[in-house]
Each structure stands twice: as structure tokens, then as C-alpha cells.
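Start at 1 with the first residue, then count along the sequence.
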Amino acid sequence: MNQVMIRTMKPEDASNAASLDQEMFTQPWSEQGFLNALTGQNLFLAAEKNSCLIGYCGMYCAADEGEIVNVAVKKDARQKGVGETMLRTLLQQAQNAGIHTVLLEVRVSNQAAIHLYEKLGFEICGLRKSFYEFPREDAYLMKLTYH
């Protein structure tokens with residue numbers, strides 16, 4: 001099977017998600033961090049191909065607001081629509097759960113992500129100075145509101 005499957009992230013995915021984070025981020029989440037996040041109203045999705053985790057994304061949810069906390073896709077699976085498909089699915093699930101506003105932060109230098117978020121309807125609504133470390137960088141605050 002060569003297709004990518006988008007599904008709800010399960011506790012069994014935490015170890016592989018933490019490994020993917022180690023490859024991608026300068027301040028990666030731990031396996032326990034993922035296990036803690038997979039509780040309550042939070043929405044986390046996994047992208048799987050050939051029984052391997054190739055990406056994930058997640059949103060913390062409170063009342064009618066959501067915050068996308070991470071979007072990760074393995075390097076060799078990028079530019080193939082995996083991130084966009086995961087995000088579209090996540091946003092649909094959020095809407096179905098009664099979320100009306102979604103926020104996220106993104107490095108100002110991450111033009112590919114900014115373009116994708118704008119394509120999905122997000123707008124830049126603020127700047128967080130020195131938000132990221134390793135390397136230190138500003139972040140755009142982006143917002144999507146459903147009417």
C-alpha cells in the first residue's frame with residue numbers, strides 16, 4: 001500500500017512522534033510530552049505510510065479556541081501534500097468539535113509553512129519577538145476564524 005493514511009494519533013505513536021521531533025526540531029517533544037498531549041479535548045493526527053509514521057500535527061483545544069502546536073513531516077515526505085492534508089483534516093475536526101478560532105505561531109523565516117497556512121485561510125495578526133530559541137527568531141502569530 002503506497003497511500004498515506006491520516007488518522008487519530010494513538011498513545012502507541014508517541015515514541016515514533018518523539019523520534020520524528022528529534023530529527024526536525026531544536027527543542028523536540030519527549031515521548032511523555034506526546035502522551036500528556038493525547039488527553040482531553042486535544043486533537044492530534046498521525047500520517048502513516050507503509051505502517052510508518054511520516055508526520056503528525058496537533059492542536060490544543062479549550063472552549064471554542066484551538067492552538068496548533070506542531071506540524072511535522074519527515075523530510076523525504078515533504079512537498080507531497082502530507083502536511084496540507086493533515087492540516088485540512090485537523091481543521092475540519094476542530095470545526096466539528098465547535099472550535100471557532102485557531103491560532104498558531106510560525107518562524108518568520110519559514111516561508112513554506114507561512115504560505116501553506118495562508119492557503120488554508122490563516123492571516124498574520126501579530127509578531128512575537130524572540131519567540132523561538134536555537135536559533136533565536138521572531139514568530140508570526142497567525143489566526144483563522146470560522147464565521
Side-chain angles (χ1 to χ4, degrees), residues 4-49 52-95 97-146:
V4 174
M5 180 175 67
I6 307 297
R7 59 171 175 75
T8 300
M9 185 182 275
K10 302 177 282 196
E12 305 85 71
D13 297 315
S15 176
N16 289 331
S19 293
L20 179 57
D21 252 33
Q22 288 283 338
E23 292 173 28
M24 298 203 39
F25 299 114
T26 57
Q27 294 182 287
W29 283 24
S30 66
E31 181 176 349
Q32 188 60 52
F34 281 100
L35 291 171
N36 292 344
L38 295 175
T39 60
Q41 300 178 277
N42 299 335
L43 301 171
F44 277 75
L45 298 177
E48 187 178 277
K49 183 174 182 179
C52 294
L53 184 82
I54 61 165
Y56 77 88
C57 62
M59 180 186 297
Y60 288 153
C61 302
D64 66 347
E65 287 190 358
E67 178 187 2
I68 294 177
V69 289
N70 270 353
V71 179
V73 177
K74 276 187 166 281
K75 286 186 176 156
D76 62 358
R78 291 185 191 162
Q79 302 298 313
K80 298 176 181 169
V82 175
E84 181 175 346
T85 301
M86 280 194 306
L87 281 168
R88 286 187 185 282
T89 305
L90 184 70
L91 292 171
Q92 186 60 59
Q93 286 186 1
Q95 245 187 316
I99 300 295
H100 296 291
T101 303
V102 180
L103 299 167
L104 62 83
E105 287 99 2
V106 60
R107 286 183 182 270
V108 296
S109 65
N110 192 344
Q111 290 302 307
I114 292 166
H115 175 73
L116 174 58
Y117 297 139
E118 288 176 336
K119 180 178 178 181
L120 295 172
F122 284 85
E123 296 179 348
I124 295 171
C125 63
L127 181 71
R128 298 193 191 273
K129 289 286 198 185
S130 301
F131 182 80
Y132 291 101
E133 297 180 2
F134 313 117
R136 182 162 303 285
E137 187 174 353
D138 296 345
Y140 286 130
L141 177 63
M142 299 187 77
K143 181 178 181 178
L144 173 65
T145 303
Y146 299 107

Problem - From CA spacing to verdict: side chain to side chain contact (heavy atoms under 4.5 Å, CB included), F122, L87 - result: CA-CA 12 Å; F122 284 85; L87 281 168; over 6 Å; no

Handout entry: Rounded distance [0.5 Å steps], CD in E133 versus OG1 in T26
Key = 8.5 Å

Exercise for the section: Taking the side chain as every heavy atom from C-beta outward, state whether N110 and Y132 have any pair of such atoms under 4.5 Å apart. Expected result: no

Exercise for the section: Mark yes or no for whether D138, through its side chain, and S130, through its backbone, hold a donor-acceptor pair below 3.5 Å. Expected result: yes

Exercise for the section: Give a yes or no on whether the backbone of L35 and the side-chain of T39 come within a donor-acceptor separation of less than 3.5 Å. Expected result: no

Handout entry: Sidechain-backbone polar pair: R128 side chain, L141 backbone, donor-acceptor under 3.5 Å
Key = no

Practice task
Specify the closest pair of heavy atoms between A18 and S30, including all atoms of both residues, with the distance to one decimal.
Solution key: CB-C, 3.8 Å

Fill in the blank from the handout: Closest heavy-atom pair, V71 versus F25, reported as atoms and distance to 0.1 Å, is O-CZ, 3.7 Å

Handout entry: Spacing of CG belonging to L120 relative to CG belonging to L144, to within rounding of 0.5 Å
Key = 8.0 Å

Exercise for the section: Using the six-membered ring wherever Trp is involved, compare the ring planes of W29 and F44 and label them parallel, tilted or perpendicular (cut-offs 30° and 60°). Expected result: tilted

Exercise for the section: Write down the atom of G81, the atom of T85, and the distance for their closest heavy-atom approach. Expected result: O-OG1, 2.8 Å

Problem - Close side-chain approach of N16 and Y56, heavy atoms under 4.5 Å - result: no

Exercise for the section: Considering only NZ, NE, NH1 and NH2 on the basic side and carboxylate oxygens on the acidic side, decide whether D76 and K49 come within less than 4.0 Å. Expected result: no

Exercise for the section: Drop me the distance from E84's CD to Q79's CD, to the nearest 0.5 angstrom. Expected result: 11.0 Å

Practice task
Would you check if V4 and K80 make a side-chain contact, meaning some heavy-atom pair closer than 4.5 Å?
Solution key: no

Exercise for the section: Indicate yes or no: at least one non-hydrogen side-chain atom of M9 is less than 4.5 angstrom from one of L45. Expected result: no

Practice task
Could you walk me through whether M86 and V73 pass the side chain to side chain contact (heavy atoms under 4.5 Å, CB included) test, one step at a time?
Solution key: CA-CA 10 Å; M86 280 194 306; V73 177; 3.8 Å; yes

Completion exercise
Correct closest heavy-atom pair for I6 and A47 would be CD1-CB, 3.7 Å

Problem - Ring centers of Y117, Y140 separated by less than 6.0 Å - result: no

Practice task
Count the heavy atoms of every other residue, nucleotide or ligand shown that sit under 6.0 Å from CD of E123, and state whether that count exceeds 12.
Solution key: no

Exercise for the section: Evaluate side chain to side chain contact (heavy atoms under 4.5 Å, CB included) for K75 paired with M24, printing each intermediate quantity in order. Expected result: CA-CA 8 Å; K75 286 186 176 156; M24 298 203 39; 5.9 Å; no

Exercise for the section: Report yes if some heavy atom in the side chain of L43 is under 4.5 Å from a heavy atom in the side chain of C61; otherwise report no. Expected result: yes

Handout entry: Test side chain to side chain contact (heavy atoms under 4.5 Å, CB included) applied to T8 and K10, step by step
Key = CA-CA 6 Å; T8 300; K10 302 177 282 196; 5.7 Å; no

Problem - Close side-chain approach of I54 to V82, heavy-atom, < 4.5 Å - result: yes

Exercise for the section: Mind checking the CD-CG spacing from E12 to L38? Nearest 0.5 Å is all I need. Expected result: 9.5 Å

Practice task
Under the side chain to side chain donor-acceptor pair (under 3.5 Å) rule, collect the residues that match up with N36, sequence neighbours excluded.
Solution key: Q32

Exercise for the section: Indicate yes or no: at least one non-hydrogen side-chain atom of E48 is less than 4.5 angstrom from one of L53. Expected result: no

Completion exercise
So the salt bridge (Lys or Arg N to Asp or Glu O under 4.0 Å) pairs with at least one residue in residues 14-38 (sequence neighbours excluded) are E23-K74

Exercise for the section: Return the minimal non-hydrogen interatomic distance between I114 and R107, and the atom names on each side. Expected result: CD1-O, 3.7 Å

Exercise for the section: Evaluate the side-chain proximity of V102 to Y146: yes if any heavy-atom separation is below 4.5 Å, no if none is. Expected result: yes

Exercise for the section: Verify, without hydrogens or angle tests, whether E105 (side chain) and F131 (backbone) share a donor-acceptor contact under 3.5 angstrom. Expected result: no

Handout entry: Donor-acceptor pair, side chain of D64 and main chain of H100, under 3.5 angstrom
Key = no

Practice task
Identify the heavy atoms of A46 and D13 that sit nearest to each other, and give their distance.
Solution key: CB-OD2, 4.2 Å

